[in-house]
Student: 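Please find one structure pasted underneath; my questions will follow.
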Amino acid sequence: MTSFVDDNPYAQPRLVQGYPTLAQHMSSTPEISIFKRFETLNRQNLLYLQAELTSLEKQLRNFEAESTKCDESDPRSQYSRDWEWMTMTDERSTFNPQWKLFLRIRGVLKEYNETLLQQATITSLPKPETYNLNYLQSWLSRPSCGNFPIISPDHTIWKETPPQDLLSLQSPTNSDPFSRWAITSFIPTYHRLLGHHFRDPDPESQTEYIEYNSTKIARVASFISTIVAVVMLIAPVAVLWKISSIKARLGTMAGFTVVFSLLMAGLTSAKRSDIFAATAA
């Protein structure tokens with residue numbers, strides 16, 4: 001009998017082709033944990049729950065209005081003021097129709113509220129980065145990688161679904177423009193021209209792709225941004241010390257201010273108000 005498990009207890013188990021290999025690749029590369037939101041279906045489900053609750057609430061209000069017209073000898077006349085009367089059972093241990101309706105409303109209302117909160121959470125999840133989605137599409141199609149591990153109708157999700165209806169379980173580590181540029185543009189260009197000479201695919205990754213750690217790249221980009229910020233603080237002082245003309249000094253200060261604001265907009269995730277405050281200071 002052939003075993004799919006390596007004798008080494010620390011080795012990554014070799015899974016069969018299909019959902020297991022795709023799940024394993026997603027777990028080892030969290031950035032490609034990309035799934036469909038099913039926005040339309042989720043909204044449709046909420047609309048149906050909302051419609052059901054609207055109908056049930058109308059029935060409940062009719063019951064309540066009828067109970068106020070009953071004689072005092074009728075137990076229903078006490079329902080709106082005495083919870084114990086409303087929840088009493090008859091000789092067959094059966095609740096009255098009004099309380100049975102409210103118990104049904106309680107169940108639907110709980111499902112509606114939970115669905116609303118779930119949908120709010122799903123909506124807050126980020127869209128996948130374009131380069132991560134492109135990588136996943138490429139990995140699925142290459143014979144040496146995923147080799148179309150899924151053959152059921154959902155295999156087209158990552159190719160045919162609009163990007164706005166997809167979500168990523170992992171938030172991007174690169175929140176500022178400079179880090180995004182470094183990961184999406186600089187690293188691919190560097191690898192194509194030079195990096196492929198120095199790096200080889202991980203033999204245990206079961207893929208021909210070479211992976212770069214986006215967290216480390218973002219850290220290096222942050223370090224470079226810090227160095228640029230320090231230089232922009234020192235450079236104006238050094239330059240202005242060499243200039244004696246008042247007009248030239250004013251022009252130089254204006255130039256450095258413009259450059260500083262552009263660098264803040266391009267290298268950081270600062271808001272417009274933060275940029276205004278920094279340049280004013």
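Computed from a predicted model, the values in this text were never measured in an experiment. Computed over heavy atoms, backbone and side chain alike; hydrogens, waters and symmetry mates excluded.
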Student: Could you see if I122 belongs to whatever hydrophobic cluster contains F38? Use Ile, Leu, Val, Met, Phe, Trp, Tyr and a side-chain cutoff under 4.5 Å.
Tutor: no
Student: List the steps, then state whether side-chain contact (heavy atoms from CB on, under 4.5 Å) holds for I32 with L22.
Tutor: CA-CA 10 Å; I32 63 168; L22 178 57; 5.9 Å; no
Student: Would you say E52 and Y48 are linked by a side-chain donor-acceptor pair, where the criterion is simply a distance under 3.5 Å?
Tutor: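 No donor-acceptor contact under 3.5 Å links the two side chains.
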Student: Shortest non-hydrogen contact from T21 to W139?
Tutor: O-CH2, 4.2 Å
Student: Can you tell me how far CD of E160 sits from CG of D165, rounded to the nearest 0.5 angstrom?
Tutor: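 CD of E160 is found 13.0 Å from CG of D165.
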Student: So do the side chains of L49 and N45 get within less than 4.5 Å of each other, counting heavy atoms only?
Tutor: yes
Student: Compare every heavy atom of L53 with every heavy atom of I105, then report the nearest pair and how far apart it is.
Tutor: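 Distance-wise, the nearest heavy atoms are O-CD2, 4.1 Å.
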Student: Of all heavy-atom pairs between K159 and Q137, which one has the smallest distance, and what is that distance?
Tutor: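 Taking every non-hydrogen atom into account, CA-NE2, 3.7 Å.
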Student: What's the separation between atom CG in L46 and atom CD in E111, rounded to the nearest 0.5 Å?
Tutor: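 Interatomic distance, L46 CG to E111 CD, rounded to 0.5 Å: 9.5 Å.
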Student: Check this for me: R104, atom CZ, are more than 12 non-hydrogen atoms of other residues, nucleotides or ligands nearer than 6.0 Å?
Tutor: no
Student: For the CG atom of N132 and the OG atom of S33, what is their distance to the nearest 0.5 Å?
Tutor: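 So the CG of N132 and the OG of S33 are separated by 9.5 Å.
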Student: For the CG atom of L136 and the OH atom of Y131, what is their distance to the nearest 0.5 Å?
Tutor: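 L136 CG to Y131 OH: 13.5 Å, rounded to 0.5 Å.
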Student: Provide the closest heavy-atom pair for L125 versus R37 in the form atom of the first, atom of the second, distance.
Tutor: O-NH2, 2.7 Å
Student: For side-chain contact (heavy atoms from CB on, under 4.5 Å), just list the numbers for L109 and R106, CA-CA rounded to whole Å, side-chain angles, deciding distance to a tenth of an Å, and then say yes or no.
Tutor: CA-CA 5 Å; L109 190 61; R106 179 180 290 174; 5.7 Å; no
Student: Applying side-chain contact (heavy atoms from CB on, under 4.5 Å), run through T115 and N42 and close with a yes or a no.
Tutor: CA-CA 9 Å; T115 305; N42 277 306; 5.6 Å; no
Student: Any donor and acceptor pair, going by atom type alone, linking the side chain of S168 with main-chain N or O of Q170 inside 3.5 Å?
Tutor: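 A pair under 3.5 Å: yes.
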Student: Can you find a heavy atom in the side chain of F35 that is under 4.5 Å from one in the side chain of M26?
Tutor: yes
Student: Identify the heavy atoms of K127 and P163 that sit nearest to each other, and give their distance.
Tutor: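 Looking at all heavy atoms of both residues, the shortest contact is CD-O, 4.0 Å.
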Student: Any non-hydrogen side-chain atom of I157 less than 4.5 Å from a side-chain atom of L166?
Tutor: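 They are in contact (side-chain heavy atoms under 4.5 Å apart), so the answer is yes.
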Student: Output the distance between atom CD (E57) and atom CZ (F102), rounded to the nearest 0.5 Å.
Tutor: 10.0 Å
Student: Return the minimal non-hydrogen interatomic distance between L101 and L60, and the atom names on each side.
Tutor: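 Nearest heavy atoms, L101 then L60: CD2-N, 3.4 Å.
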Student: Donor-acceptor pair, distance only, cut-off 3.5 Å: does the side chain of S28 make one with the backbone of Q24?
Tutor: yes
Student: Evaluate the side-chain contact (heavy atoms from CB on, under 4.5 Å) criterion for residues D154 and Y19: first the C-alpha distance (whole Å), next the side-chain angles of each, then the deciding distance (0.1 Å), finally the verdict.
Tutor: CA-CA 11 Å; D154 59 314; Y19 291 105; 3.0 Å; yes
Student: Measure the shortest side-chain to side-chain distance between Q119 and R43 over non-hydrogen atoms and say whether it is less than 4.5 angstrom.
Tutor: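 Yes - at least one pair of side-chain heavy atoms lies under 4.5 Å apart.
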